[in-house]
Amino acid sequence: MIKLILPDGSTREAPVGSRPREVAELIGKRLAQAAIAAKVNDEIVDLDREFPPLAEARFQILTDRDPASLEVLRHSSAHIMARAVMRLFPGTQLAFGPAIENGFYYDIQSPTPLREEDFPRIEEEMRQIVAKAEPFERFERSPAEARELVAGLKQDYKVEHIDEGLKHHPSLSFYRQGEFIDLCRGPHLPHAGKAAAFKLLSIAGAYWKNDSSRPQLQRLYATAFFSQKDLDAYLKLVEEAKKRDHRLLGKQLRLFTISQQVGAGLILWMPKGALIRGILETYIREELVKRGYSPVYTPHVGRLELYRTSGHFPYYRDAQFPPLYCHPAASALDLCQYRLASGILDAAKERDIGLFLDQAQLAIPGYREAAQSEEKLQCVHLFVLEILRTMGVTIAAYQEATAMPERAAALLSWLVNQEGYLLKPMNCPHHIQIYKAEPRSYRDLPVRLAEFGTVYRYEQTGELSGMTRVRGFTQDDAHLFVTPEQVEEEMRANVELVLFVLKTLGLNDFRVRLGLRDPNSDKYVGAAEDWNNAQTALLGIVKSLGLTFSAEEGEAAFYGPKIDFVVKDCIGREWQLGTVQLDYNLPKRFELEYTGADNKPHRPVMIHRAPFGSMERFMGILIEHFNGAFPLWLAPEQVRVLPVSDKFNDYGKSVEKTLRDAGIRASGDYRADKVGAKIREAQLEKIPFMLVVGEKEQTAQTVAIRHRADGDLGAQPLPPFIEHLHQAIADRRLTRQ
RNA sequence: GCUAGCGUAGCUCAAUGGCAGAGCACUGGUUUUGUAAACCAGUGGUUGUGGGUUCAAGUCCCACCGCUAGCUCCA
């Protein structure tokens, strides 16, 4: 017998080999009917799963009121969807089909690609399946039997998955639903009839096992609820959220624009957006001065050699605007050098570099057809010789070299002597040169150099998105050069600065991510010991500040670990805003020093940090956060004066002038429109205050105040109203009161 | 970059392969207005770009550019 402890504390005995469903029936018929799944200790299991051989366990029947049931429903809905697709598109291969935050998906590969037009048919087929209310039956097989079973079903991805990941499991579970059998861990609904409300949402590509070198499948996104009412409410919520989209509001409120003529991913800040940005910059600049930062200015380009030294140019080669070389042959030779230096590559890397060379439009004769070996390098080599000959360039060391690495080195030594520039992808190398411009003593540290530095990164086309992912952006950047002893205090102060900034703007819905190195990856530079020290230091800081955070391997920068502040946009995508990063690597690469108290040279540690992250992304998120209704201190237009008719335009203009003289961003609407129309327009522009002026106000020398959210607030003389505005602005108030 | 979809006036959207349209905005006029849209008239287009099929292309085909969703990437 197993002793079950129910949520209310009561206990029940259940024989070994019995199932949750039987217990539910004993408790009550209605409960058994409403049951979706059960929770045994902390595990969610099928109603028909035998109890494990335990002496006692916490036990709970889950109904559609438990949030955990929703996940079960969605997982089962994924099976139902896959079954429907299999019926309509015979020969479809199935991959993974999990429940996700607001629904579920299934990755599939059908002989004919699915399109959104197919959704109604699929949904209809799903309804047919649901109407039959067939049970989900669980059974187990050994890995070898399981492999045979899925191979017999002609499910190649499932076979591959067993071979790659599951073959060492003692036993694998399957679920059968009518003719449909799927390898699956479960748990599932008792029967398909419980899947009351579902909707297919979108279709997109997704790589098999999230690996871009593997085949790309079709991912069908959908969602499911226990009732149509819940589904409708969810869909409505999504629709409402989409109205906050900064791309939409940015256009409506004329905050920014993107022109195809200027280029994709390049933000043009319109006057109103620029005004808000200016206020934010002033705000943070004042804060930095208080905190001992030194503002600096540096150019938008730098010598290539600088970025070779920092590592940015070679490391992010394919995510940068092409280098600007003065010599006409240098761009081509640079690409050839890059390829030669890369050596012989595996298939995945060869594909990537091939794509990169295609994108750079470097057509090396015979390269594509050449075997994946020394042969490809030979093509590059012959191409280099051709360039040297036709362009009249002599590189003696190259011509003399016999081995490919030697040739790559010879080319590089020619290239580094060429005049070449890079649009700066990072500000740190420039700030480092300012640090190096004078000898530094331990007494000078920390040196804190701050700049609104504009950087350029050639993001993949598919990544560009409004203001949140762009190709040119301005970081509210700073680099701190500190002694090892100062690291902790300075890191802490910067994390606190980020928290302060977020709080000022009411951005409370963020998460903290501790980005750590993936020890199995080769993409990180620097000594393991430095990494460990840095990571331990960061961990200590987030812990001591009492922040809830998630430590994530593989999320570090290539030169050091970081603490990121991540928020969600209106459609639920996550974006990194503020960041604080620790770096032992660049000080080494640039041989930074300060003189210690012992009169000997020491190496400083660098901290990279940006509380907003990028002005563009921050602005995008802020637009959505405020739904375009910026608080008074940020509103591009704070007050609009609305004369009731043009008889009162003169009085309106005097009110407007008084406001402007008091430093308020005010305008007036003196068109021959009714006041209702003027109000409507000001409301749509989300202007915080409207001042209606007519006969009464002119006579009494007052203004009738209307707030965009709170409506008519009655008449008041101008001076106290201005005083109120001044106070709210000074306090950076987020609400009217 | 990849998969799927999309691109018509400043904005939101119409238009069986058969004369490119509406509303809003804008301009001019009338109205003199009291808390979310007064009325009349007018301007506005090489249908993203370039090719092709066709008697005829916004519509069909190809390439490129851009946008959207997701995947991969993200200093």
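Letters go in sequence order (proteins before strands), and every chain restarts at 1.
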5' precedence on RNA chain B between A:R219 and A:E116 (nearest-nucleotide basis): A:E116

5' priority, RNA chain B, between A:P425 and A:Q260 [closest heavy atom]: A:Q260

With a 4.0 Å cut-off on heavy atoms, is [X] in touch with a base, just the backbone sugar-phosphate, or nothing at all?
X      : result
A:R573 : sugar-phosphate
A:F356 : nothing
A:L217 : nothing
A:Q320 : base
A:R247 : sugar-phosphate
A:I571 : sugar-phosphate
A:K209 : nothing

Nucleotide-resolved protein contact map, nucleotides 32-41 of chain B, B/S/- at heavy-atom distance under 4.0 Å: BBBBBBB---

[X] vs [N]: side-chain N/O to OP1/OP2 distance below 4.0 Å:
X      : N      : answer
A:K562 : B:rA75 : yes
A:Y316 : B:rA75 : yes
A:T461 : B:rG1  : yes
A:R457 : B:rC74 : no
A:K523 : B:rC74 : yes

Using Watson-Crick or G-U wobble geometry with both distances below 3.5 Å, tell me the partner of [N], or none.
N      : result
B:rA38 : B:rU30
B:rG17 : none
B:rU49 : B:rA63
B:rC2  : B:rG70
B:rC24 : B:rG10

Pairwise side-chain contact, A:D107 with A:W208, heavy-atom cut-off 4.5 Å (strictly under): no

Test item: A:F612 and A:L577 side chains (from C-beta on) under 4.5 Å apart, heavy atoms: no

[M] and [N], which share atom name [atom1], separated by this distance in whole Å:
N      : M      : atom1 : answer
B:rA22 : B:rU8  : C1'   : 13 Å
B:rA15 : B:rC19 : C1'   : 12 Å
B:rC67 : B:rU53 : P     : 31 Å
B:rA75 : B:rG5  : P     : 32 Å
B:rG70 : B:rC64 : P     : 24 Å
B:rU49 : B:rG58 : C1'   : 15 Å
B:rU43 : B:rC24 : C1'   : 15 Å
B:rA37 : B:rU33 : C1'   : 14 Å

Pair of N/O donor and acceptor under 3.5 Å linking [N] base with [X] side chain:
X      : N      : value
A:E459 : B:rC74 : no
A:Y207 : B:rG1  : yes
A:R617 : B:rC74 : no

Nearest whole Å is fine: how far is [N] [atom2] from [X] [atom1]?
X      : N      : atom1 : atom2 : result
A:M426 : B:rC74 : CE    : P     : 14 Å
A:F321 : B:rC74 : CZ    : C1'   : 15 Å
A:L266 : B:rC65 : CG    : P     : 15 Å
A:K678 : B:rA25 : NZ    : P     : 15 Å
A:Q216 : B:rU3  : CD    : C1'   : 4 Å
A:H312 : B:rC74 : NE2   : C1'   : 13 Å
A:R115 : B:rU3  : CZ    : C1'   : 14 Å
A:K424 : B:rA75 : NZ    : P     : 18 Å

When you measure from the side chain of [X] to the backbone of [Y], do you find a donor-acceptor pair of N or O atoms at a distance under 3.5 Å?
X      : Y      : answer
A:D569 : A:I571 : yes
A:T468 : A:S465 : yes
A:E624 : A:H246 : yes

Aromatic plane relationship, A:Y559 with A:H312 - under 30° parallel, 30 to 60° tilted, over 60° perpendicular: perpendicular

Parallel, tilted or perpendicular: rings of A:F321 and A:Y456 (30°, 60°): perpendicular

A:W531 and A:Y584: CA distance, side-chain angles, deciding distance, ring pair (Phe, Tyr, Trp, His ring centres under 6.0 Å) verdict: CA-CA 8 Å; A:W531 274 95; A:Y584 289 91; 9.3 Å; no

Steps toward side chain to side chain donor-acceptor pair (under 3.5 Å) verdict (A:K209, A:H161): CA-CA 9 Å; A:K209 297 205 170 182; A:H161 183 46; 3.2 Å; yes

Closest non-hydrogen atom pair, A:I623 against A:M467: CD1-SD, 4.3 Å

Stacked pair A:Y559-B:rA75, distance under 5.5 Å, angle under 30°: no

Separation between NZ of A:K523 and CZ of A:F558, rounded to the nearest 0.5 Å: 10.5 Å

